[in-house]
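One structure, as structure tokens, below. Some questions next.
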Amino acid sequence: MSITKPNSESQVSSQSDPRISQGPDTDRDVVVASQASAEDAILAFRRAKAEKVRARGENPFANDVGKGSSGAVLDIGKARARAEGGKVEGKYVEEHVRAATGAEAVSVRGRVIALRSSGGLTFLRLRDRTGEIQLLVSQSTMGEGYARLDDLDVGDIVEAEGLLTASKRGELSVEPTSLRLVTKAFRPLPEKWHGLTDVETRYRQRYVDLIANPAVTDVFRARSLIVRATRSILDDADFLEVETPTMHTLIGGAVAKPFNTHHNALDMNLFMRIAPELYLKRLVVGGLERVYEIGRCYRNEGISTRHNPEFTMLEFYQAYATYDDLMDFTEVLLRGVDARLKAAMPEAHAAWHKGRAYTIDEPFARVPMDLAVARGAVKTEIPAWAQAVTDGGGVGLLTLLQGDFGGSMKEWSKASPRAKAIDWSNFRKGVMKCDNDGERLFALYEYLCEPFLIEDYRSKDGSHSIPVFVKDYPFETSPLARKNDANPALVDRFELFVNGRELCNAFSELNDPEDQAARFRAQVDKKAKGDDETMDYDEDYIRALEHGMPPAAGFGMGMDRLTMLLTNAQSIRDVILFPLLRPHSP
RNA sequence: GGGUUGAUAGCUCAGUCGGUAGAGCUGCGGACUUUUAAUCCGUAGGUCGCGGGUUCGAGUCCCGCUCAACCCA
């Protein structure tokens with residue numbers, strides 16, 4: 001499919017290169033070229049080179065790569081491996097390279113990412129998925145074929161065959177006896193030194209970003225490894241990977257706004273799933289006691305450095321386990337994934353690891369929400385708060401903050417630097433919106449604890465933050481979680497925060513169909529009152545629970561966020577190949 | 001949804017008080033048989049995001065819009 005503009009380019013392409021123009025119109029040709037924009041001119045010159053190749057009877061978009069090669073056709077990584085013994089004190093030496101390779105010719109192909117000519121000798125840097133290697137093209141070795149270099153530009157795909165050798169500066173090279181254009185690149189690559197840095201172009205034209213910025217390729221390689229490692233760890237623990245519908249008839253499994261779509265033949269409105277949870281638990285009812293799914297979910301909400309409308313979630317469910325078991329397993333999972341990433345990409349991993357402000361090497365902190373709130377309140381050094389905590393713990397503060405505390409805010413906010421750092425106006429708004437103590441406790445946690453997790457939970461030497469399991473949530477905020485046996489105001493749920501960011505959400509599953517039905521009804525009531533982030537009543541899910549779901553614990557984690565954490569990415573768009581952007585004509 | 005910042009050559013960026021639109025890289029022509037951002041000589045390349053306004057004159061000042069980044073909700 002062509003994306004060329006239908007204006008002047010086609011005229012320019014056939015006439016602008018003086019070397020291929022025929023007849024006396026040279027002056028006019030030059031004028032045409034000079035009238036074109038720089039981009040048009042570059043495209044025209046490169047098309048002209050392709051035409052020149054075609055005119056010789058060769059294909060500038062060849063498909064017969066490796067055919068007729070007398071040398072070993074190798075990936076660049078393999079070609080480099082052959083010359084491994086050719087190094088002396090870190091530099092390659094020609095005679096040692098020859099000895100190591102048995103002076104056997106190799107054939108490599110890849111994209112030209114650099115091209116330097118100094119007369120009768122030209123250096124090309126070639127890249128394929130396995131690595132890079134230099135081509136040392138010499139006029140004396142190539143003979144008449146040396147003129148083929150005129151066909152080439154940076155960005156082209158080429159094929160070269162020759163002996164492995166070393167440059168005088170000790171760089172491993174292929175000295176081609178033959179060199180050919182395989183695929184012509186009409187468009188130029190970004191500037192070689194600064195590369196492509198404009199984030200908008202990087203996201204919109206990821207294909208250029210991947211060529212120009214090798215570190216970007218590393219991140220997506222890491223993402224693939226992270227997903228693979230996660231699968232492998234779950235598979236080894238006897239979990240079964242399944243695929244459940246992404247188009248739902250009801251909203252469920254999370255508190256979020258969905259995307260709507262429509263099935264024409266059935267004339268039926270559908271929601272793109274916000275979570276796979278309720279389907280996976282149906283499978284636990286069906287006897288698939290350990291299941292997981294890694295799949296795309298869709299949430300119709302704002303876009304930020306941590307949110308993309310579509311994202312990839314892991315959910316798994318384990319019968320006969322509790323949320324305590326899952327905390328243990330989470331630590332094993334994260335360390336296991338990171339270890340596999342390190343083994344597969346040692347150099348990139350070392351750089352990421354160095355840049356991490358957190359560590360997963362030490363045991364993760366585990367703190368009940370009301371205790372976290374109590375500690376957070378004491379740290380504000382507000383005397384009234386400290387007293388309330390002494391009297392009644394984290395819950396003690398709830399009474400104090402039940403009404404409008406706007407009058408005391410000014411005084412409270414001056415109590416300490418910590419108190420000053422609290423987002424008081426949103427805190428007050430959030431608390432006043434609450435209908436009950438459970439929601440209030442959660443609001444307190446959100447404003448008094450969550451922003452300070454990084455500074456409150458540190459490694460033994462204080463140099464890094466450590467992950468924190470915040471556990472035992474108010475039941476009002478968790479419509480699918482099991483109530484705590486000892487305290488029915490709470491549910492057996494945790495969220496894991498790493499580097500201050502929410503990574504996982506997990507709980508012991510509610511398997512009492514009557515309790516679940518009551519929670520669904522409460523959700524429906526909230527929707528009737530105007531809340532637009534509620535779940536629907538899922539009759540079939542209640543029916544499933546009525547068949548009996550074994551006690552189970554379930555777990556959810558954003559794979560995008562895990563990748564961000566492990567690769568030190570600042571934005572979710574840096575770990576999603578094609579993040580959603582508004583359309584924009586190039 | 002609100003705030004802040006930004007958009008100038010294919011890429012990376014300058015552009016003073018409102019007075020003829022600049023550089024490097026890329027491209028094109030040339031020199032060069034050991035380069036690593038090669039170097040040297042020459043040369044081309046612009047809808048200053050889009051649309052209005054003020055002005056003798058706008059890349060620059062004003063208004064609106066589009067897109068993006070960051071922060072907040």
Side-chain angles (χ1 to χ4, degrees), chain A residues 5 7 9 12 16-21 26 29-49 91-94 112-127 132-143 146 149-150 152-155 165-173 175 185-205 208-209 211-213 301-307 423-430 433 446-447 451 533 570-574 579-586:
Chain A
K5 285 173 267 174
N7 52 22
E9 285 175 7
V12 173
S16 58
D17 185 343
R19 292 169 304 172
I20 61 160
S21 68
T26 314
D29 296 336
V30 170
V31 170
V32 170
S34 68
Q35 277 170 350
S37 73
E39 183 177 27
D40 290 341
I42 290 169
L43 287 164
F45 277 117
R46 291 187 170 208
R47 287 204 177 96
K49 287 184 188 178
K91 292 193 170 181
Y92 288 92
V93 176
E94 184 176 345
V112 177
I113 56 167
L115 193 158
R116 288 179 288 273
S117 174
S118 62
L121 195 63
T122 299
F123 301 90
L124 287 82
R125 178 149 283 268
L126 213 62
R127 180 197 288 161
E132 296 178 5
I133 200 164
Q134 177 166 273
L135 301 184
L136 196 161
V137 189
S138 143
Q139 192 161 33
S140 49
T141 308
M142 288 280 289
Y146 193 73
L149 283 168
D150 293 342
L152 298 184
D153 292 293
V154 173
T165 184
S167 74
K168 281 191 178 158
R169 296 287 178 88
E171 178 155 350
L172 182 63
S173 310
E175 187 171 355
F186 288 157
R187 288 183 180 273
L189 289 176
E191 194 226 345
K192 59 193 167 192
W193 184 238
H194 298 94
L196 181 69
T197 59
D198 180 78
V199 284
E200 189 174 349
T201 312
R202 287 188 42 225
Y203 296 151
R204 288 189 194 280
Q205 301 178 28
V208 179
D209 189 28
I211 297 168
N213 300 314
E301 295 166 353
I303 293 178
S304 79
T305 46
R306 292 175 298 281
H307 300 88
D423 181 355
W424 285 96
S425 67
N426 284 320
F427 174 43
R428 178 181 168 216
K429 265 188 256 171
K433 218 167 52 184
E446 263 190 303
Y447 289 94
E533 290 192 354
Q570 295 308 302
S571 169
I572 197 168
R573 292 173 164 193
D574 292 327
L580 185 69
L581 298 173
R582 282 196 158 85
H584 182 52
S585 47

Any residue meeting side chain to side chain contact (heavy atoms under 4.5 Å, CB included) with A:Thr197, in chain and number order, not counting sequence neighbours: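 A:Thr197 satisfies side chain to side chain contact (heavy atoms under 4.5 Å, CB included) with no other residue.
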Provide, to the nearest angstrom, the distance between the CD1 atom belonging to A:Ile113 and the C1' atom belonging to B:A37. 13 Å
Rounded off to whole Å, could you give me the CG-to-P distance for the A:Asp198 and B:C13 pair? 8 Å
Mind checking side-chain hydrogen bond (donor to acceptor under 3.5 Å, both in side chains) for A:Ser425 and listing every partner two or more places apart, or none if nothing turns up? none
Any residue meeting salt bridge (Lys or Arg N to Asp or Glu O under 4.0 Å) with A:Arg127, in chain and number order, not counting sequence neighbours: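 Here the qualifying residues are A:Glu132.
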Atom CZ of A:Arg187 to atom P of B:G27: distance rounded to whole Å?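 Between P of B:G27 and CZ of A:Arg187: 16 Å.
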Of the listed B:A68, B:U33, B:C32, the closest approach to the A:Ser117 side chain comes from B:C32
Test of understanding: with side chain to side chain contact (heavy atoms under 4.5 Å, CB included), list the residues that count as partners of A:Thr305, not counting sequence neighbours. A:Ser571
RNA chain B: stems of at least 3 consecutive Watson-Crick or G-U pairs whose donor-acceptor distances fall under 3.5 Å: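 The stems that RNA chain B takes part in, listed by first number, are B:1-7 with B:66-72, B:10-13 with B:22-25, B:27-31 with B:39-43, B:49-53 with B:61-65.
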Under the salt bridge (Lys or Arg N to Asp or Glu O under 4.0 Å) rule, collect the residues that match up with A:Arg428, sequence neighbours excluded.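 Expected list: A:Asp404.
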Under the 3.5 angstrom rule, does the side chain of A:Arg47 hit a backbone N or O of A:Phe186 as a donor-acceptor pair? no
Identify, with sequence neighbours excluded, every residue that meets side-chain hydrogen bond (donor to acceptor under 3.5 Å, both in side chains) alongside A:Ser304.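 Scan of A:Ser304 (side-chain hydrogen bond (donor to acceptor under 3.5 Å, both in side chains), adjacent residues dropped) gives A:His307.
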Kindly point out which of B:U33, B:U34, B:C67 is positioned nearest to the side chain of A:Gln139?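 Looking only at heavy atoms from C-beta outward on A:Gln139, the closest nucleotide is B:U33.
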Expressed in angstrom and rounded to an integer, what is the separation of A:Leu121 atom CG from B:A38 atom C1'?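 Result: 12 Å.
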Would you confirm whether A:Tyr146, through its side chain, and A:Leu121, through its main-chain N or O, come within 3.5 Å as a donor-acceptor pair?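 It does hold such a pair.
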Partners of A:Glu533 by side chain to side chain contact (heavy atoms under 4.5 Å, CB included), sequence neighbours excluded?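 Partners of A:Glu533 under the side chain to side chain contact (heavy atoms under 4.5 Å, CB included) test: A:Val255, A:Lys257, A:Glu301, A:Asp531.
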The salt bridge (Lys or Arg N to Asp or Glu O under 4.0 Å) partners of A:Asp209 (sequence neighbours excluded) come to A:Arg202, A:Arg206
Check the phosphate of B:U36 against A:Lys91, side-chain N and O only, distance under 4.0 Å to OP1 or OP2. Yes or no?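 It does not, given that no N or O in the side chain of A:Lys91 lies less than 4.0 Å from OP1 or OP2 of B:U36.
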Just to be sure I understand the rule, does A:Thr197 reach a base, reach only the sugar-phosphate, or reach nothing, if contact means heavy atoms closer than 4.0 Å? sugar-phosphate
Go through the structure and list residues passing ring-ring contact (aromatic ring centres under 6.0 Å, His included) with A:Phe427, not counting sequence neighbours.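 By the ring-ring contact (aromatic ring centres under 6.0 Å, His included) rule, A:Phe427 matches A:Phe405, A:Trp424, A:Tyr447.
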What are the atom names and distances for every N/O pair under 3.5 Å that joins the protein to nucleotides 71-73 of chain B?
from, atom 1, to, atom 2, distance (Å)
B:A73, OP1, A:Asp423, OD2, 2.9
B:A73, OP1, A:Asn426, ND2, 2.6

Mind calculating the distance between CZ (A:Arg116) and P (B:U33) to the nearest angstrom? 17 Å
Could you tell me how far apart A:Arg202 (CZ) and B:C11 (P) are, to the nearest whole angstrom? 15 Å
From the list B:U33, B:A68, B:U36, which nucleotide is the closest neighbour of the side chain of A:Gln134? B:U36
What nucleotide among B:U12, B:A68, B:U34 has an atom nearest to a side-chain atom of A:Leu581?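 Nearest to the side-chain atoms of A:Leu581, counting from C-beta on, is B:A68.
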Got a list of protein N/O to nucleotides 24-26 of chain B N/O distances below 3.5 Å?
from, atom 1, to, atom 2, distance (Å)
B:C25, O3', A:Lys192, NZ, 3.1
B:U26, OP1, A:Lys192, NZ, 2.5

Whole angstroms only, please: what is the CZ-P distance between A:Arg204 and B:A68?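 Interatomic distance, CZ of A:Arg204 to P of B:A68: 5 Å.
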